[in-house]
Each structure stands twice: as structure tokens, then as C-alpha cells.
Amino acid sequence: FIRKYAKNSFLRILWFLPTLMLAGVYLSDPEGKFKDVFTIIFLAVAVSKIFFAVISLPDLPLRYFFDRKIYPFTALASVVCIAAAGMVIYGGTFGKTHFKVREIEFASPDVPKSFDEYKIVQVSDIHLNGWKDDKPAIERLVGIINRQQPDAVVVTGDLVHHGAAELDGFEPILSKIKAPDGVYSVLGNHDYGIYRRWESDDAKLRNLANLKRRQAGMGWTLLNNAHTFLVRGSDSIALIGVENDGAPPFPKYGNLPKAMKGTEACAFKILLSHDPTHWRREVLHTDIDLMLAGHTHASQFMLGNFSFSSFVYSEWGGMYREGKQGLYVNAGIGRVGISFRFGAWPEITVIRLKRE
């Protein structure tokens, strides 16, 4: 196509000038101020080119089998190319704040009568580092959560990306999350500060202690290999939380037997565990009725029911059932790696318990 539309050699070289300019901006930006902008522009161009090249390729042999030149695959490639660029640009601009409320019903004969229609709101993977320049978005998120009028709110890990300091300026906002039975949280892999270099192990431990202290200051109850009971009259359900319990290379600090000890008499149990792989590795071998997880972000991209997360996780988004036991995997709020979301919109899950 370059040869066809640019006969002059100099003009052919100009076709690569935008890419070279982007690379120049990226290399001259050691602090990464333009990293997100660069990445979205680069993907919008690169992904579109890849789709165009692959889809239009069959037109090359077709031209030799027909007297007239026909380009049906090139026409199709052009449409797909424009759509792909549009998805990348939307996902990198408006998609990351396209908050979506998803309503789920979990029915079980073990749900106590007093908890029929009990409403839990789940959010996960906020990754506050990505919101430092957009506090109004988190204020809007809190407003959406409170408008659901939940009985309880749960946050299933990865509140921060690198360290507790990311909470600066967000504590007054997040402390406005309210529910009659409280706000509960667990730790995700990022909350331990393992993805940044600390000056010492003590500094890393102080960061974790600071994160725990600041969550308590916001009125949240951190369930670190512990449990509590949600009570309605003479009925109760056990709300259990474990530290991050991931499959390699993610950290495994969870102690489920310790967290469950003392809940044996409770007929209905809910577990908060950040990593969904914990469900098959251990949780299915217990009497826990429902596990709530996050972690996968649904790869921050979904097209229909497809997500790249399906190549890595057997349970990556939505509700899964094995007999009477259930797992719900929330797609998360924040972003990792690239400031982009399309299809896998930032999710606020409303889980309504139903007595069968």
C-alpha cells in the first residue's frame, strides 16, 4: 500500500514519521508523564494496522484469479481497522470511567430467612495510583455505591497499586462509603507493596501497617484471615476474609482454616478472597457457600463474552457455580499496565441473596 500510494522514496519514508515521532516522545519522557497517551495512540495505530494487514491479505491472490481487480477483503479490513481504532481510543479516554452497575442474584436454601433479599455491594481492584489526577471519578464511584442502598459493602483487594501513600487525598472520599452493616475489605497482591523497590524490609512492613491503619481510619473493617458475623434478628451469616491467596507467581498469605475457625455453626458463609484461583485450590473443599474475588480485571478488555483473561484463568469474570457453591469474580475498578478499559467496564456489583 505504501508503494501504491507513495511513488517517491522520500514520501514512503514519511509514512513512518508518526511512529518515529511517538518513539521520540516516549524516549524523552523518563518520568512517564506521557506514557498513557503514547500507549493509547500507539495501540490505536498498531492494532489497526495489524487487523488491516491480516484481513486484507486474501485480496492478493484473488487479484490473480479474476480479470477485474476486486478488493472485498480490503473493504472489510478498512471497516475493522476503523472500529479497532475507535475501541482503543474510547477505552483509553472514556472507557476507564464508564462505571457499570451489575446486579447478581445468588440463591441458596442455606440463606437464612432474615437475609432473603439481603444486598451486598462489591468493588475490587481500585488501584488508587491510577486515579491521582481524577479524584472526581472516585467521588462519583462512591456516590454510585451509596445509591445502591447496600446492607454491606465489600472491597476485595488491591486498593492501592504500590503503597499506602496513594491514599493521600482519597481517605475523605472513600470514608463516605456507608452501609448499615459496615464496609469490609481484604488485601490483594498489590496491597503488600511487592511491585516497588523499598529502601529496606522494615520500610515495606511499615507501608503495609500504614495501609491497614488508614483503612481502619476510613471506617473499614479489614478481615485478615479473620471473620465476623452479619446479624439479622436471631439469624446470622459468616463473613470471612483471607489475606491474598494466589497461585504462583502471586503471594500466598491466606490462612483459610484460621479465618473459618469459629464459624462452624453458621449455616451460610461468604468468603472474601482476592484471587479467584483460590476457589478451586481450596475453597471448594469447604462448606463456604459464596466466594467474592477480583484480581483478573477481565484483562480490561471484553468483546461479547470473550476476554484475554480466559487464556489464563478458568474463572475470570462473573458468576460460577459448582453444586450449591458459588464464586463471583468482579472485573475491578482500576487499571494495571495500561490506562484502558473496553467492554470490561469498571464494575460495581450488587449481589442480592435469595432464599430458595
Side-chain angles (χ1 to χ4, degrees), residues 99-124 141 144-157 177-186 221 223 227-242 256 259-260 262-274 276 278-280 282-296 298 302 305 314-333 344-356:
F99 296 120
K100 186 76 173 178
V101 176
R102 188 170 182 183
E103 297 192 4
I104 300 295
E105 185 179 277
F106 184 79
S108 169
D110 293 331
V111 172
K113 186 176 181 181
S114 299
F115 284 87
D116 190 33
E117 299 294 332
Y118 191 85
K119 192 188 297 184
I120 300 170
V121 166
Q122 179 197 10
V123 292
S124 191
L141 169 67
I144 294 171
I145 292 171
N146 289 336
R147 282 198 295 275
Q148 308 313 308
Q149 297 182 318
D151 295 297
V153 175
V154 298
V155 183
T156 47
I177 298 176
K178 301 295 182 184
D181 289 343
V183 180
Y184 301 89
S185 64
V186 291
T221 300
L223 297 175
H227 68 267
T228 189
F229 295 101
L230 305 175
V231 180
R232 283 284 186 277
S234 59
D235 293 330
S236 66
I237 61 177
L239 184 64
I240 304 162
V242 292
L256 186 56
M260 292 183 67
T263 66
E264 295 80 7
C266 212
F268 190 80
K269 302 178 179 70
I270 298 174
L271 173 67
L272 310 181
S273 182
H274 178 68
H278 189 202
W279 193 54
R280 291 203 176 275
E282 184 177 20
V283 177
L284 280 176
H285 306 297
T286 70
D287 63 347
I288 287 170
D289 298 273
L290 175 62
M291 172 175 152
L292 304 179
H295 184 60
T296 71
M302 281 182 65
N305 292 320
S314 54
E315 290 85 25
W316 54 267
M319 180 65 78
Y320 302 87
R321 298 291 295 252
E322 289 277 347
K324 74 165 192 172
Q325 293 175 281
L327 164 69
Y328 189 84
V329 185
N330 180 288
I333 295 294
W345 311 119
E347 180 180 339
I348 300 101
T349 312
V350 180
I351 302 159
R352 195 182 300 272
L353 302 182
K354 189 73 177 175
R355 181 178 173 87
E356 286 186 332

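All of these numbers come straight from a predicted model, not from anything done at the bench.
One distance of note links CG of Leu290 with CH2 of Trp279; it measures 10.0 Å at 0.5 Å rounding. With rounding to the nearest 0.5 Å, the separation of CG in Leu141 from CD1 in Ile333 is 5.0 Å. Remark: Phe106 CZ to Ile270 CD1 distance equals 8.5 Å, nearest 0.5 Å. Expressed to the nearest 0.5 Å, how far CG of Asp181 lies from CD1 of Ile120 amounts to 9.5 Å. Going from atom CD1 of Ile240 over to atom OG1 of Thr263 covers 4.0 Å, rounded to the nearest 0.5 Å. One finds the CZ atom of Arg321 at 11.0 Å from the CG atom of Leu327 (value rounded to the nearest 0.5 Å).
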- Item | Chi angles and distances behind the side chain to side chain contact (heavy atoms under 4.5 Å, CB included) call for Ile177, Val123 | CA-CA 11 Å; Ile177 298 176; Val123 292; 5.7 Å; no
What donor-acceptor contacts under 3.5 angstrom involve side-chain atoms of residues 108-115, with partners at least two apart or in another chain?
{"from": "Ser108", "atom 1": "OG", "to": "Asp110", "atom 2": "N", "distance (Å)": "3.1"}
{"from": "Asp110", "atom 1": "OD2", "to": "Lys324", "atom 2": "NZ", "distance (Å)": "2.5"}
{"from": "Ser114", "atom 1": "OG", "to": "Asp235", "atom 2": "OD2", "distance (Å)": "2.7"}

Donor-acceptor contacts, no H, no angles, side chain residues 144-151, under 3.5 Å, sequence neighbours left out:
{"from": "Asn146", "atom 1": "OD1", "to": "Lys178", "atom 2": "N", "distance (Å)": "3.0"}
{"from": "Asn146", "atom 1": "ND2", "to": "Lys176", "atom 2": "O", "distance (Å)": "3.0"}
{"from": "Gln148", "atom 1": "NE2", "to": "Ile144", "atom 2": "O", "distance (Å)": "2.8"}
{"from": "Asp151", "atom 1": "OD1", "to": "Arg232", "atom 2": "NH2", "distance (Å)": "3.2"}
{"from": "Asp151", "atom 1": "OD2", "to": "Lys119", "atom 2": "N", "distance (Å)": "2.8"}

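Between Phe268 and Arg355 there is no side-chain heavy-atom pair separated by less than 4.5 Å. In this structure the side chain of Lys354 reaches within 4.5 angstrom of the side chain of Asp116, judged on heavy atoms. Side-chain contact check for Ile237 versus Leu353: some heavy-atom pair is nearer than 4.5 Å.
Of all non-hydrogen atoms in Tyr320 and Ser314, the two that sit nearest each other are CE2-O, 4.0 Å. Nearest heavy-atom pair, Pro276 versus Gly294, reported as atom, atom and distance to 0.1 Å: CD-O, 3.4 Å. When every heavy atom of Trp345 is checked against every heavy atom of Lys100, the shortest pair comes out as CB-CB, 4.0 Å. In this structure, Ala152 and Tyr118 approach most closely via the heavy-atom pair CB-OH, 3.6 Å. Of all heavy-atom pairs spanning Ala298 and Ala331, the tightest one is CB-CB, 4.2 Å.
A side-chain N or O of Ser273 and one of His278 form a donor-acceptor pair less than 3.5 Å apart.
Just one residue in the list Ile348, Val350, Thr349 forms a side chain to side chain contact (heavy atoms under 4.5 Å, CB included) with Gln122, and that residue is Thr349. Tested against Met260, the residues Ile288, Val242, Leu271 include a single side chain to side chain contact (heavy atoms under 4.5 Å, CB included) partner, Ile288.
Under the salt bridge (Lys or Arg N to Asp or Glu O under 4.0 Å) criterion, Arg280 pairs with Glu315, Glu322, not counting sequence neighbours.
Taking the six-membered ring where the residue is Trp, His295 and His274 present perpendicular rings, their angle passing 60° and hence far from 30°.
In terms of modelled atom types and a separation under 3.5 Å, the side chain of Thr228 and the main chain of Leu239 share no donor-acceptor contact.
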